[in-house]
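A quick write-up on the structure given underneath.
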Number of protein chains: 2
Amino acid sequence: MHPLRTYIQRFVPLTDAEWAALETSLQPRKLARKAHFARIGEPASDIALVVSGACRLYYVRPDGEEITTYFFFENHLMASYSSCLSGQPSRLALEPTELLVFPYARLRQLYDEFPVYERFGRLLAEYHLLGTDERMTELLLLSPEQRYQTLLASTKTKIMARIPQRYVASYLGITPVSLSRIRARMATESS
Amino acid sequence: MHPLRTYIQRFVPLTDAEWAALETSLQPRKLARKAHFARIGEPASDIALVVSGACRLYYVRPDGEEITTYFFFENHLMASYSSCLSGQPSRLALEPTELLVFPYARLRQLYDEFPVYERFGRLLAEYHLLGTDERMTELLLLSPEQRYQTLLASTKTKIMARIPQRYVASYLGITPVSLSRIRARMATESS
DNA sequence: CGGAATCGTTAACAAACGCTAAGAAGTTCA
DNA sequence: TGAACTTCTTAGCGTTTGTTAACGATTCCG
């Protein structure tokens, strides 16, 4: 089974005809280690399934600091709703990455043509909303150290281990220096 | 025009028949100053349009501290996606509040019965996702003081002014004491 | 109306964080 | 393989925040 079809069918069932309507719009694409999937400042109007590798979505603060807000790993959809509409964030390949790309505009067409895709779109948005809501709540409720411990205890641990910790730090809302101190503190206290 | 119909029609057009299917499920409800719309710990399986007044959605930390994550004002839908599924947060009336309530289960029925409601559900989830994503990004990118200034500069200023600042503080991810200091600092520096 | 509860501010102290810088360890890639 | 680059850690310093507590002012509600 095609990996994208597998992904979609975790939300809705697809007939062969419905799947074919999307499959014809897919474009394979490879990104080198630090190549950009979308340029900074330009609207990111494409969606991609990450076939292999990893990407991160980041903002650039006025002082030049990069703040990573999302990671994308194998067999997950890489998309930025806010970017598809307002176009501010930017994406970067972290490891050498293989993608399957299709325009967000194509998905909107499918919303009109097939009710099943409209439902997929709803479930996808709801799924991402749940994740972002939980993430936001964690930022409001927990201390930086608690957030790091939560991350360690989650299922994302293994894939996060592949990522430079400076990126994980901004994902947690702290500086790399602070994350390093938290790790040192935890290592001391547990011994 | 019915206020809920007006709200929905900002996303999708509704025929009289489509509107009637939802209207029959509406239940008016009034809440006193600090009455709960949903009990803490129990799943909040209802959605409500706030007709008048204001509500807040909050979590209770292990130490007993209340952390407010959302506010709901007139002519806005009060719902918690995470609660409709997992049922952890709780809602509280802030001011005496008039609501129009309907079960989330009813909305799910309408998703099956009318394509226009399925589309509304998608657009509603996307709309909330955009808001939550922006909120999360602000927490990652900006300092507490910058977040407060952003809030002051936003369209929410006037309605936020009705709310006790202790709640606004946790909405910004800081303590009431800290918000008070930020305000004092800003007042001094601008003079 | 008047007591009770809530709310905002301020102070003092300790803890944590951001920033800058420097050095060590590891990785990349020509 | 080796030089350049990236990453992680540690240190010192100043700032901000959290915490606790106290004091007025306001608001609520019997």
Distance in angstrom units between [X] [atom1] and [N] [atom2], rounded:
X	N	atom1	atom2	answer
A/Tyr148	C/dC17	OH	P	13 Å
A/Ile163	C/dG26	CD1	P	21 Å
A/Lys34	C/dT28	NZ	C1'	11 Å
A/Leu172	D/dC8	CG	C1'	16 Å
A/Met186	C/dA16	CE	C1'	16 Å
A/Arg162	D/dT7	CZ	P	16 Å

Less than 4.5 Å apart, any side-chain heavy atom of [X] and any of [Y]?
X	Y	answer
B/Cys55	B/Arg91	no
B/Met186	B/Leu152	yes
A/Ile67	A/Arg61	yes

Please confirm whether the shortest side-chain N or O distance from B/Arg183 to OP1 or OP2 of C/dG8 is below 4.0 Å. no

Output the single nucleotide from C/dG8, C/dC7, D/dT10 whose closest atom is nearest the side chain of B/Gln165. C/dG8

Kindly indicate, with the supporting measurements, whether the criterion ring pair (Phe, Tyr, Trp, His ring centres under 6.0 Å) is fulfilled by A/Tyr111 and A/Tyr117. CA-CA 5 Å; A/Tyr111 289 160; A/Tyr117 276 111; 7.8 Å; no

What string of B, S and - do you get for nucleotides 16-30 of chain D, 5' to 3', if B is base contact, S is sugar-phosphate-only contact and - is no contact with any protein heavy atom under 4.0 Å? -BBBB-------SS-

Between B/Arg33 and B/Glu95, does any NZ, NE, NH1 or NH2 come within less than 4.0 Å of an OD or OE carboxylate oxygen? no

Salt-bridge test for B/Glu134 and B/Arg147: reply yes if a basic N is under 4.0 Å from a carboxylate O, no otherwise. no

